[in-house]
J.: 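Sharing a structure, written as structure tokens. Questions coming.
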Amino acid sequence: MNVGLEHYLIVSTILFCLGLWGVIVRRNLLIIYMSLELMLNAANLALVAFSRYNNKMDGQVIVFFIITVAAAEVAVGLALIVALYRKKQSAHVEDLTTMKL
Amino acid sequence: MSAADIFFYILAFLTVACGVMVVANPFSRNPVTSAMFLVLTIVFMAGLFILLNAFFLAAVQILVYAGAVIVLFLFVIMLLDLKEEERRKVKTIGAGLGTIAVGAIAFLIGRSILSYAKTLPPTELTLQGSTVALGRKLFTDYVLPFEILSLLLLVAMVGVILLSKKDLK
């Protein structure tokens with residue numbers, strides 16, 4: 001069976017759902033963050049596949065932007081996690097209930 | 001089946017398998033193992049990018065993700081002492097409901113892709129993902145987003161420095 005656009009999209013879907021599952025089920029802030037990275041990567045794969053099968057470069061430019069934004073996001077997010085850890089001595093979402101009513 | 005197709009199946013399998021090990025490793029719940037499998041996932045995904053003729057993006061993916069992002073992750077994991085993670089129990093009700101929800105979403109997206117794939121016309125693949133073409137696109141059509149992106153990086157840098165100060169005044 002020849003590999004087409006849908007094959008890449010299915011792989012991207014599987015990776016996205018894995019990331020989503022990790023965000024919902026895992027309770028460690030760092031693992032949740034890695035799952036978010038997985039979801040961003042799944043979107044990147046879908047965009048590159050669309051770019052290839054539509055013969056347009058724009059998808060790759062958007063992926064370039066996504067990678068940059070993801071790098072900035074990781075830096076800020078990890079700084080937030082470190083600041084939280086300094087206050088609460090925990091990187092576990094169930095210990096961070098300050099905003100709960 | 002051509003060689004590229006075989007490569008696709010191998011890389012796709014490895015990417016998904018390493019992705020599973022990132023979020024649901026049955027042997028260890030240590031964040032360091034997850035980070036290592038995330039590196040592998042990203043490297044195999046760069047392989048998929050090469051199959052899709054996105055050579056520059058594959059290089060950037062490895063440089064930025066495997067080189068910078070994961071190192072940052074490992075640095076923070078080593079900074080925080082995360083020994084107690086291993087002892088915590090996962091709540092079964094929440095995990096079950098989450099799995100059902102994600103399964104439903106996967107079913108929806110998968111069905112929509114498969115139903116759309118039948119109507120997909122076979123296209124001639126002429127795109128060569130050369131760095132020259134990407135750079136030309138980046139500095140003509142997308143020059144404003146590119147400049148805004150540099151501003152975003154500056155803001156992120158200032159924000160991180162501010163956040164990591166000991167006491168904010």
Side-chain angles (χ1 to χ4, degrees), chain A residues 1-11 13-22 24-28 30-31 33-35 37-38 41 44-45 48-49 51-58 60-61 63-65 67-76 78-83 85 91-92, chain B residues 5 8 12 15-16 19-20 22-23 31 34-35 38 41-42 45 48-49 52-54 57 60-61 64 68-69 72-73 76-77 79-80 82 85 88 90 94-95 98-99 101-102 105-106 109-110 113-114 117 120 123 125-127 129 133-134 137-138 142 145 149 152-153 156 159-160 163-164:
Chain A
M1 195 166 152
N2 272 335
V3 170
L5 175 60
E6 64 269 21
H7 291 74
Y8 285 97
L9 291 184
I10 293 287
V11 173
T13 307
I14 294 171
L15 282 174
F16 184 85
C17 289
L18 272 175
L20 190 61
W21 188 85
I24 291 174
V25 173
R26 296 302 298 264
R27 301 274 70 128
N28 185 325
L30 285 161
I31 306 262
Y33 233 77
M34 287 180 215
S35 306
E37 291 303 309
L38 211 58
N41 268 301
N44 282 353
L45 183 63
V48 173
S51 151
R52 167 89 169 130
Y53 285 93
N54 285 310
N55 293 325
K56 284 206 174 95
M57 210 64 191
D58 303 63
Q60 294 195 15
V61 178
V63 170
F64 185 79
F65 288 153
I67 290 176
T68 321
V69 171
E73 172 244 336
V74 163
V76 175
L78 287 177
L80 278 172
I81 291 177
V82 171
Y85 188 82
H92 214 262
Chain B
D5 289 1
F8 167 79
T15 311
V16 170
V20 170
V22 172
V23 290
S34 288
L38 189 58
T41 314
I42 282 159
M45 194 174 280
L48 285 177
F49 282 9
L52 286 166
N53 273 10
L57 283 180
V60 166
Q61 173 96 347
V64 174
V69 169
L72 209 61
F73 263 114
V76 169
I77 292 168
L79 206 64
L80 317 178
L82 294 174
E85 159 70 8
R88 301 242 185 176
V90 177
T99 311
V102 173
I105 290 172
I109 303 176
I113 290 171
L114 289 179
L120 217 60
T123 47
L125 300 179
T126 51
L127 182 77
L134 186 68
K137 199 94 191 166
L138 199 60
Y142 290 89
L149 206 61
L152 175 81
L153 285 175
V160 168
L163 278 173
S164 50

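Letters A, B, ... are given to chains in the order of the sequence lines, protein chains preceding strands, and every chain is numbered from 1. Keep in mind that the numbers below use all heavy atoms, side chains included, and drop hydrogens, waters and symmetry copies.
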J.: Heavy-atom pairs under 4.5 Å with chain B are the metric here; pick the option from A:Ile10, A:Leu15, A:Ile81, A:Asn41 that has the most.
T.: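 The residue among A:Ile10, A:Leu15, A:Ile81, A:Asn41 with the greatest pair count is A:Asn41.
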J.: Pick from B:Ile42, B:Val102, B:Thr15: which one has the most heavy-atom pairs with chain A under 4.5 Å?
T.: B:Val102
J.: Applying side-chain contact (heavy atoms from CB on, under 4.5 Å), can you list everything that pairs with B:Val60, at least two apart in sequence or on another chain?
T.: A:Ile67, B:Phe56, B:Val64
J.: Between the main-chain N or O of A:Lys56 and the side-chain N or O of A:Ser51, is there a donor-acceptor pair closer than 3.5 Å?
T.: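 Indeed, once roles are kept as given, a pair shorter than 3.5 Å links the two residues.
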J.: Does A:Tyr53 reach the side chain of A:Glu6, with side-chain heavy atoms less than 4.5 Å apart?
T.: no
J.: Side chain, backbone, both or neither: which part of B:Ser34 has an atom under 4.5 Å from a heavy atom of chain A?
T.: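 Both backbone and side chain of B:Ser34 come within 4.5 Å of chain A.
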J.: For each of B:Pro145, B:Ala12, B:Gly110, B:Gly94, tally heavy-atom pairs with chain A at distances under 4.5 Å, and name the one with the top tally.
T.: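 The residue among B:Pro145, B:Ala12, B:Gly110, B:Gly94 with the greatest pair count is B:Pro145.
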J.: Check whether A:Thr13 gets within reach of chain B through its side chain, its backbone, both or neither, counting any heavy atom under 4.5 Å.
T.: side chain
J.: Taking every heavy-atom pair that is under 4.5 Å apart, which of B:Thr99, B:Leu79, B:Val16, B:Ile105 has the most such pairs with chain A?
T.: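 So the answer, after comparing B:Thr99, B:Leu79, B:Val16, B:Ile105, is B:Thr99.
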J.: Just how far is it from atom CG of A:Asn44 to atom CZ of A:Phe65, taken to the nearest 0.5 Å?
T.: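 CZ of A:Phe65 is found 13.0 Å from CG of A:Asn44.
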J.: Counting heavy-atom pairs under 4.5 Å to chain B, which of A:Val74, A:Leu20, A:Leu18, A:Ile24 comes out on top?
T.: A:Leu18
J.: Between B:Val20, B:Leu48, B:Leu149, which residue shows the highest count of heavy-atom pairs closer than 4.5 Å to chain A?
T.: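 Looking at each of B:Val20, B:Leu48, B:Leu149 in turn, B:Leu149 comes out on top.
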J.: When you measure from the side chain of A:Arg52 to the backbone N and O of B:Asn53, does any donor-acceptor pair fall under 3.5 Å?
T.: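 Pair absent, no side-chain N/O of A:Arg52 close to backbone of B:Asn53.
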J.: Sort out for me which of A:Val48, A:Val63, A:Ile14 touches chain B most, counting heavy-atom pairs under 4.5 Å.
T.: A:Val48
J.: For B:Ala68, is it the side chain, the backbone, both, or neither that has a heavy atom closer than 4.5 Å to a heavy atom of chain A?
T.: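 Neither part, no heavy atoms under 4.5 Å.
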J.: Which atom pair, heavy atoms only, marks the closest approach of A:Asn28 to B:Pro31?
T.: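 So the two residues come closest at ND2-CG, 3.7 Å.
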J.: Could you list the residues that satisfy ring pair (Phe, Tyr, Trp, His ring centres under 6.0 Å) with A:Tyr8, not counting sequence neighbours?
T.: B:Phe8
J.: If you count heavy-atom pairs under 4.5 Å between each of A:Ser35, A:Ala71, A:Ala75 and chain B, which one has the most?
T.: A:Ala75
J.: What part of A:Leu45 gets within 4.5 angstrom of chain B, counting heavy atoms only: side chain, backbone, both, or neither?
T.: both
J.: To the nearest 0.5 angstrom, please state how far the CG atom of B:Leu57 sits from the CG atom of B:Leu52.
T.: 10.0 Å
J.: I'd like to know which of A:Leu80, A:Val11, A:Leu78 tops the heavy-atom pair count under 4.5 Å against chain B.
T.: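 Among A:Leu80, A:Val11, A:Leu78, the one with the most close pairs to chain B is A:Leu78.
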J.: Between B:Lys137 and A:Val61, what is the shortest heavy-atom contact and its length?
T.: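 Answer, listing the atom of B:Lys137 first, then A:Val61: CG-CG2, 3.7 Å.
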